[in-house]
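What you see is a predicted model; the values in this text were computed from it and never measured. Numbering of residues begins at 1 and proceeds along the displayed sequence.
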Amino acid sequence: VDVMPGGAAANVAVWARRLGANVTLVGKIGDDTLGTLMHTHLQGEGVGHHVITVPAGLSTRVGILVSADGEHSFVIDHTKVLLFSANGIRGNVWKDFQAMRVALAAVAQQLRGDKLWLIALGENATPEQMGTATITYRPYERNQDTVAQYYRAADVYVHAARADTFPNTVMEALACGTPVVATAVGGIPEQLDDGLSGFCVAAGDPGAMAEAIARVLSDDALRSSLSV
């Protein structure tokens, strides 16, 4: 059973009781929040259960690339680089690119001395200019080595989502040593140690997202500590 935290866990427990089923819960990598939540609901419904935790699938090649020379090799000096990745950036109903755009504009206002470059990976479109911020669209990329270079080039990976499960993009960014700012939906709070490897913000709150992004981009020491 693979479920998202919250109401879905309670629903699984109720249906298991109604069906008279024993449950083996296979959970993904992270802390034990999901496993504890499911245990509580299943125990409350009197359902026999067993919890197994297994790692999510993630290529180790991505993490290896973080040690390669030439970090930020294709980035213009004095430019802060943000990365946002989704299959179909603007039309993806599960992601929130509009909130990302609003947040980017707010960050540009806060960091007037810096140029911002948002790489929107997952769609081919005409570049946009928003004051000192540039949005460059790149088509969906399947080559993992190329994707890893995008992660390595970014000062922060931003994952703006309305709903999600346990996105590999967040884990890949962390594996490449790139700090993450993401909306706290689905399993993302289990992926991120808030304040240690990045920051979780409320979904649909571009102001909070902008504040977290600006904090990462404006503090070199913080950004370095988040990249460990």
Next item on the list: Check whether any side-chain heavy atom of Leu174 lies under 4.5 Å from a side-chain heavy atom of Leu192, and answer yes or no.
Entry: yes
Next item on the list: To the nearest 0.5 Å, tell me how far Glu141 CD sits from Gln149 CD.
Entry: 9.5 Å
Check: Taking all non-hydrogen atoms of both residues, which atom of Ala208 and which atom of Val201 are closest, and how far apart?
Finding: O-CG1, 3.7 Å
Next item on the list: Output every pair passing salt bridge (Lys or Arg N to Asp or Glu O under 4.0 Å) with a member in residues 119-136, not counting sequence neighbours, ordered by first then second residue.
Entry: Arg90-Glu123, Arg101-Glu128
Next item on the list: Output all residues satisfying ring pair (Phe, Tyr, Trp, His ring centres under 6.0 Å) with Phe84, sequence neighbours left out; order by chain, then residue number.
Entry: Phe97
Margin query: Quick one, Leu121 and Leu83 - any side-chain contact, counting heavy atoms below 4.5 Å?
Written below: yes
Notebook entry, point to check: What are the two closest non-hydrogen atoms of Pro206 and Ala99, and how far apart are they?
Noted result: CB-O, 3.5 Å
Next item on the list: Evaluate the side-chain proximity of Pro127 to Ile135: yes if any heavy-atom separation is below 4.5 Å, no if none is.
Entry: no
Check: Thinking salt bridges, do Asp155 and Lys80 make one under a 4.0 Å N-O criterion?
Finding: no
Item checked: Flag side-chain contact, heavy atom, 4.5 Å: Leu116 against Leu217 -> yes
Next item on the list: Could you check if a side-chain atom of Gln191 sits within less than 4.5 angstrom of a side-chain atom of Ser197, using non-hydrogen atoms only?
Entry: no
Note to self: Enumerate the salt bridge (Lys or Arg N to Asp or Glu O under 4.0 Å) contacts for residues 178-188, please, sequence neighbours excluded, ordered by first and then second residue.
What the structure shows: none
Next item on the list: Determine, stepwise, if the pair Thr126 / Tyr137 fulfils side chain to side chain donor-acceptor pair (under 3.5 Å).
Entry: CA-CA 7 Å; Thr126 303; Tyr137 295 90; over 6 Å; no
Notebook entry, point to check: Hey, any chance Val156 and Met130 share a hydrophobic cluster, counting ILVMFWY side chains that come within less than 4.5 Å of each other, even indirectly?
Noted result: yes
Check: Rounded to the nearest 0.5 Å, how far apart are CD of Gln98 and CZ of Arg162?
Finding: 8.5 Å
Checklist line | Test side-chain contact (heavy atoms from CB on, under 4.5 Å) applied to Gln109 - qualifying residues, sequence neighbours left out | finding: Arg112
Margin query: Within the structure provided, determine whether Asp114 and Thr79 are in side-chain contact (heavy-atom separation under 4.5 Å).
Written below: no
Margin query: Pairing donors with acceptors under 3.5 angstrom, does anything connect the side chains of Ser85 and Tyr150?
Written below: no
Notebook entry, point to check: Taking all non-hydrogen atoms of both residues, which atom of Asp194 and which atom of Cys200 are closest, and how far apart?
Noted result: OD1-N, 2.8 Å
Notebook entry, point to check: Can you tell if the side chain of Leu226 reaches within under 4.5 Å of the side chain of Leu196, non-hydrogen atoms only?
Noted result: no
Next item on the list: Kindly indicate whether the side chain of His159, heavy atoms from C-beta on, has any atom under 4.5 Å from the side chain of Lys95.
Entry: yes
Next item on the list: Measure the spacing between CD of Glu190 and CZ of Phe166 and express it to the nearest 0.5 Å.
Entry: 6.0 Å
Note to self: Is there a continuous path of hydrophobic side-chain contacts, each under 4.5 Å between heavy atoms, that joins Leu111 to Val102?
What the structure shows: no
Check: So, for Asp219 and Leu222, which heavy atoms are closest and what is the spacing to 0.1 Å?
Finding: OD1-N, 3.0 Å
Item checked: Residues forming a side-chain contact (heavy atoms from CB on, under 4.5 Å) with Asn124, sequence neighbours excluded -> Pro139
Margin query: With a 3.5 Å distance limit and no angle check, can you tell me whether Glu211 reaches the backbone of Ile213 through a side-chain donor-acceptor pair?
Written below: no
Item checked: By side-chain hydrogen bond (donor to acceptor under 3.5 Å, both in side chains) - contacts of Thr136 (at least two apart) -> Trp117
Note to self: Using modelled atom types and a 3.5 Å cut-off, is there a donor and acceptor pairing between side-chain atoms of Thr178 and backbone atoms of Tyr157?
What the structure shows: no
Checklist line | Heavy-atom pair with the smallest gap, counting every atom of Pro179 and Val216 | finding: CB-CG1, 4.2 Å
Notebook entry, point to check: If you look at every heavy atom in Ala133 and Ala108, which pair is closest and at what distance?
Noted result: CB-CB, 4.2 Å
Note to self: Applying the side-chain contact (heavy atoms from CB on, under 4.5 Å) criterion to Leu118, which one of Val107, Val158, Val81, Leu104 satisfies it?
What the structure shows: Leu104
Checklist line | N/O donor-acceptor pair under 3.5 Å between Asp164 side chain and Gly186 backbone | finding: no
